[in-house]
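Notes follow once the structure below has been shown.
A quick note: this is a predicted structure, and the numbers were derived from the prediction, not measured. No hydrogens, no waters, no symmetry mates; every other heavy atom, side chains included, goes into these values.
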Amino acid sequence: MLKSLALATVAALALAPAAQAAPLGIAQVEQTLRKAGYTRIHEIERDDGLWEADVSRADGRFSEVYVDPRTAEIFDEHNGRALLDTEQVLAKAQAQGLREIHSLERDGATWSLEARNARNQKVEVRLSGYDGRILHSERDGWLD
């Protein structure tokens with residue numbers, strides 16, 4: 001019986017989704033940005049659960065982009081992808097259970113806001129500017 005349980009556990013771990021892979025480190029982020037065509041990476045740092053990078057393109061334009069450490073998706077307001085407007089982002093945030101939303105501001109191809117989550121906790125949230133999904137959420141202080 002114990003042997004069967006151990007085999008089942010090993011099998012379950014082997015079949016676990018790749019989403020549990022380790023998040024990207026700074027070297028992997030730099031490599032991802034270079035593969036995407038950014039010619040110079042001036043600075044990379046963590047910000048609100050994402051990697052933030054100051055980059056230059058082949059045409060010399062400078063900008064700030066974000067990289068999701070779990071998926072390697074690059075959020076760049078100049079990549080030609082359509083960005084949600086304020087009303088669309090608010091609707092997406094509310095559909096994900098956020099309420100009492102305030103301090104909404106666009107930051108490149110992402111949106112930052114403060115709100116209350118479904119557990120009535122004050123949270124700071126970073127959303128994708130492309131589709132409004134939550135990229136990062138953390139409690140805003142420990143006393144609500």
Note: Q96 and G132 closest approach over all heavy atoms is NE2-O, 2.7 Å

Any idea which heavy atoms bring H136 and G49 closest together, and the distance?
ND1-CA, 3.5 Å

Taking 4.0 angstrom as the limit, do D59 and R57 come out as a salt bridge?
no

Using side-chain contact (heavy atoms from CB on, under 4.5 Å), reason through L84 and Y130 one step at a time and then give a plain yes or no.
CA-CA 6 Å; L84 300 175; Y130 305 133; over 6 Å; no

In terms of heavy-atom contacts, does CD of E87 have more than 12 from other residues, nucleotides or ligands at under 6.0 Å?
no

Just how far is it from atom CD of E114 to atom CG of D140, taken to the nearest 0.5 Å?
5.5 Å

For D107 and T110, does a side-chain donor sit closer than 3.5 Å to a side-chain acceptor?
no

Could you state whether L127 and L104 fall into the same hydrophobic cluster, counting links through intermediate Ile, Leu, Val, Met, Phe, Trp or Tyr residues with side-chain heavy atoms under 4.5 angstrom apart?
yes

Which atoms form the tightest heavy-atom contact between A109 and F75, and what is the distance?
CB-C, 3.7 Å

With side chains defined as the heavy atoms from C-beta onward, is the minimum distance between Q94 and R99 less than 4.5 Å?
no

Check against side-chain contact (heavy atoms from CB on, under 4.5 Å), D48 and S112:
CA-CA 9 Å; D48 292 336; S112 296; 4.3 Å; yes

Could you tell me the separation between the CG atom of D68 and the CZ atom of R70, rounded to the nearest 0.5 Å?
4.5 Å

Walk me through whether L24 and T71 qualify under side-chain contact (heavy atoms from CB on, under 4.5 Å).
CA-CA 8 Å; L24 297 178; T71 65; over 6 Å; no

E100 versus H102, side-chain donor and acceptor atoms under 3.5 Å
no

If you apply the rule side chain to side chain donor-acceptor pair (under 3.5 Å), what do you find for Y38 with D54, and how did you get there?
CA-CA 10 Å; Y38 299 99; D54 295 330; over 6 Å; no

Taking atom CD of Q88 and atom CG of D131, what is their separation to the nearest 0.5 Å?
11.5 Å

side-chain contact (heavy atoms from CB on, under 4.5 Å) between K122 and R116: does it pass, once the steps are laid out?
CA-CA 5 Å; K122 289 182 183 178; R116 286 201 174 266; 3.2 Å; yes

To the nearest 0.5 Å, what is the distance between CG (L33) and OG1 (T39)?
11.0 Å

What are the two closest heavy atoms between A93 and I101, and how far apart are they?
CB-CD1, 3.7 Å

Shortest non-hydrogen contact from L83 toward G108
CD1-O, 4.3 Å

Is there a path of hydrophobic side-chain contacts, each under 4.5 Å between heavy atoms of I, L, V, M, F, W or Y residues, that connects Y66 with W111?
no

Under a single-linkage definition using a 4.5 Å side-chain heavy-atom cutoff for Ile, Leu, Val, Met, Phe, Trp and Tyr, are V67 and L50 assigned to the same hydrophobic cluster?
no

Do the side chains of V29 and L135 join up, straight or via other hydrophobic residues, at under 4.5 Å, putting them in one cluster?
no

Salt bridge (charged side-chain N to carboxylate O under 4.0 Å, His left out) between R106 and E64, worked out
CA-CA 12 Å; R106 188 167 70 88; E64 184 176 81; over 6 Å; no

Flag the pair H42 / S56 as yes when at least one side-chain heavy-atom distance between them is below 4.5 Å, and no otherwise.
yes

Please determine whether a side-chain nitrogen of the Lys or Arg among R139 and E124 lies less than 4.0 Å from a carboxylate oxygen of the Asp or Glu.
no

Checking Q28 side chain against G25 main chain: does a donor-acceptor pair fall under 3.5 Å?
yes

Side chains of S103 and L113 in contact at under 4.5 Å (non-hydrogen atoms):
no

Tell me whether R133 at atom CZ has more than 12 heavy atoms from other residues, nucleotides or ligands lying less than 6.0 Å away.
yes

Rounded to the nearest 0.5 Å, what's the gap from CD1 on I26 to CD1 on I44? Could you check?
5.0 Å

Measuring only between side-chain heavy atoms, which start at C-beta, is V55 closer than 4.5 Å to S63?
yes

What about W51 and I74, same hydrophobic cluster or not, with Ile/Leu/Val/Met/Phe/Trp/Tyr joined at side-chain heavy-atom distances under 4.5 Å?
yes

Just wondering, are more than 12 heavy atoms of other shown residues or ligands nearer than 6.0 Å to CZ in R34?
yes

Does this structure show an ion pair linking R126 with D47, if we count only N-O contacts that are shorter than 4.0 Å?
yes

